Amino acid sequence: MEKSKAPSILVNRANWTSHVLLGISVCLLALACMSVIQKSSSLAGLWLPTALMIPVLFHHRYRDWLPLLCASALGIAAANTVLGTPFLRYLPYLLNNLFEASLCAALLRRMLPAQDPLSGLGYWVRFLLIAVIFCPLVSSFIMMLFILHVHSPVELQSRFATWFMSEAVAILALTPLGLIYQRGYFRKNLTANRFFGLLLTLVITLVAGFLALKWLPYTFAFITIPLLWSAIRLPRVEAFIIFLSMTLMIALLHTSGIVSVQPHTVVQIPQGLIFLPLLLILTPANAMAMAMHALRAEKSHITQSENRFRNAMEYSAIGMALVSPQGRLLQVNKSLCNLLGYEANYLTTLTFQEITYQDDLGKDLALLEQLLNDEIQNYTMEKRYLCRSGEVIWVLLAVSLVRDEEHNPLYFISQIEDINDLKHTEVTNKRLSEALHEEKELLHITLNSINEAVISTDRNMNITFMNPVAEKMTGWTEEQAQGQPVNRIVLISKGQDGPLIDNLLQFDINENLHSSVERSLVLHGHHTGLFDVQLAVSPLRTLKDEPIGIVLVMQDVSRSRELMRRLSYSASHDLLTGLSNRGSFESSLKKALNLIATAHQSHCLAFIDLDRFKAINDTAGHAAGDELLRQISTLMQEHIRNSDRLARLGGDEFALILFDCPADQGLSTLAKLVSEINQFEFIWEDKIYRIGASAGLTKMNDPDVSGSEYMAQADKACYTAKNNGRGRVFRYEPEQKTATVHTDDSVFPTGKH
């Protein structure tokens, strides 16, 4: 049990670790961003926590979002607490950040693929519209609602622009890296040379950006150049790292006052839109990185395709050749050289017409002409080649045509498979086929003449053959059953009302041999009734032990099963009354003792003896006595539950087990039963006879007491009832080792003793 729980414990620990790391990261980013805010007197410069939360939520399932959002909220709250910001002051902004991150991540999950969200330029455009434009706009409008009553329209406009720019630039700088980064990326891909190249590119890009910010006019136009250079030179992840680093450097230099990102223009850009040029230069750099990634992926795909084709041709087990439209062999593989006995250099000086057997050349050229005329896409034919040794060999030739972009033919791809041995053994195969046909006919005649039902299927468990006996038993003709699933035609259950056997292939005949007669196999015929059957299932296999179907053999054993049922019934029932006999009752008594031990149930055991039965038997005859016993048995069965067990022990003695029955309820039931017997009038040859009954009851609640002891207790209570006037019910009391009378006057009216 502990081992089975270990993986879930590890997963929970990993989840909590990621939650803690997210909270710490968000806290540090929020602390840094808010420190910048306090220095710069604007609403925000860059707000990175939201940009970090978006990819984290994107890569997690929805059911994990709540703890992640809670961790992020705690991180932002901790940063505000450190800086002394009142709770009610930052709470609306905190909720707005959480909403923006959740909305953005949910939309991106619907619009981007999960494995590689930014796998193409089209997906990047979707990201740009959703994450950089739409969601920051929504968040800015919500922020406006929080401060609408505090600021003037001019201030609101500035705050709106500043909030939007801080969110948009941060998301464009950080979120793409979080979306495409995969765990272990640097360990797998970043070699020493590649790391040095990344570091060098990073230094050059940052230095160039700093110089452009410090001394060059049209600052952002010049910064675009090193960013585009990085996008062209580096893979996506490294390029996005450069973009993020450049963004952070520009923001830090601006907020620290070292440089100003205010463009050299006559019109002063509002403070809220100060980072708009940065957003504009990041956009083409991101787009270039995505375009270069797509170009590299396509180039890699083409290279892999060329390598696959080259390896497939060179190391193919069958002969392959590239043939010009005029018939010259341009390139051949080793298998073809080995097949024809030529060296590759010599073979490429020949045409396929020169090595083709003349009788087959006409058909080959005709098919080739159809292929060139675009009438067919490919063709396959059997033909003969001339080997270097002079031998003629049979091959199976498959030819397809490769065309250029203008649909002009470039070369044929020919695949040549050696079928020489197959052709030489064709006569032998024909003779074998004839012999197999004769064997099959003999087998069908044999199967049609036996008394068992025989059904065979294919590997898909669809019927392929049924003999006449099977048709008669199932109610389906072979023609109707052909191709039908065997489970639809052959309906076999365990017992008449039992469950059907779903998988005949897994049927275990040994398991059924130990089943009772009531649980034996029954075939449900289609309008032909029910058949007790004995079933044998044999799998059909190839020489390689591969399954190709099954054979069902069913024997109708209805007569023998009916005889067994009768014998089983006779062995467990009293033939006169139909009640259980003594042997069957002892089995029920053992079952009751087992329920006491396992289910902690308590039962009641009763012993019933008819009064004055012998007098009627002697007066009216044994036939009257037998009929009386039958009627009394029917009467008693009508007044007990279906779960109770009534048995005739012999003569006029009966025993009754009231399963799971309290003692008071058992006494009441037994008293009513005795009352019914006492009031019963038996009519025989126009004479009315009356009898009575005495009964003793004991409570069964101790599993350590044997069944014979309980029977003795009930018998003792019944004996006491007879000796105390008959027509009564006495209960055995274990403490006194005696029996006490059940004194219910409503059940025993005066005179019924």
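Owing to the predicted nature of the structure, the values given are computational and were not obtained by experimental measurement. Just so you know, residue 1 is the first one in the sequence shown, and it goes up from there.
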Could you pull out the closest heavy-atom pair between Ile242 and Thr205, with the gap in Å?
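Ile242 and Thr205 have their closest heavy atoms at CG2-CG2, 3.7 Å.
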Quick one: does [X]'s side chain get under 4.5 Å of [Y]'s, heavy atoms only?
X      : Y      : result
Thr175 : Phe127 : yes
Asn462 : Pro485 : yes
Tyr62  : Arg109 : yes
Asn80  : Phe87  : no
Pro86  : Leu88  : no
Val26  : Leu74  : no
Ser245 : Leu206 : yes
Leu248 : Leu48  : yes

Contacts of type salt bridge (Lys or Arg N to Asp or Glu O under 4.0 Å), residue Arg194, not counting sequence neighbours:
Glu238
Distance-only criterion, 3.5 Å: show the donor-acceptor pairs between side-chain atoms of residues 128-143 and protein atoms not counting sequence neighbours.
unit_1 : atom_1 : unit_2 : atom_2 : d
Ser139 : OG     : Asn96  : OD1    : 3.4
Ser139 : OG     : Asn96  : ND2    : 3.3
Ser139 : OG     : Glu100 : OE1    : 3.0
Ser139 : OG     : Trp163 : NE1    : 2.9
Ser140 : OG     : Pro136 : O      : 2.7
Ser140 : OG     : Phe164 : N      : 3.4

Going by side chain to side chain contact (heavy atoms under 4.5 Å, CB included), Leu22 matches just one of Ser72, Pro67, Pro49, Cys70. Which one?
Ser72
Could you walk me through whether Leu372 and Phe412 pass the side-chain contact (heavy atoms from CB on, under 4.5 Å) test, one step at a time?
CA-CA 10 Å; Leu372 287 170; Phe412 300 103; 3.5 Å; yes
Supply the atom-to-atom distance Thr50 OG1 to Leu29 CG, rounded to the nearest 0.5 angstrom.
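Spacing of OG1 (Thr50) from CG (Leu29) equals 10.0 Å.
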May I have the step-by-step check of side-chain contact (heavy atoms from CB on, under 4.5 Å) for Asp374 and His407, ending in yes or no?
CA-CA 10 Å; Asp374 215 10; His407 207 64; 3.1 Å; yes
Let me see the working for Leu108 and Leu57 under side-chain contact (heavy atoms from CB on, under 4.5 Å), right down to the final yes or no.
CA-CA 10 Å; Leu108 291 179; Leu57 294 176; over 6 Å; no
Does Asn373, at its CG atom, have more than 12 non-hydrogen atoms belonging to other residues, nucleotides or ligands within less than 6.0 Å?
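Buried by this count: over 12 neighbours within 6.0 Å.
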Does the ring centre of Phe243 sit less than 6.0 Å away from the ring centre of Phe240?
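Judged by ring-centre distance (under 6.0 Å), Phe240 and Phe243 do meet the cut-off.
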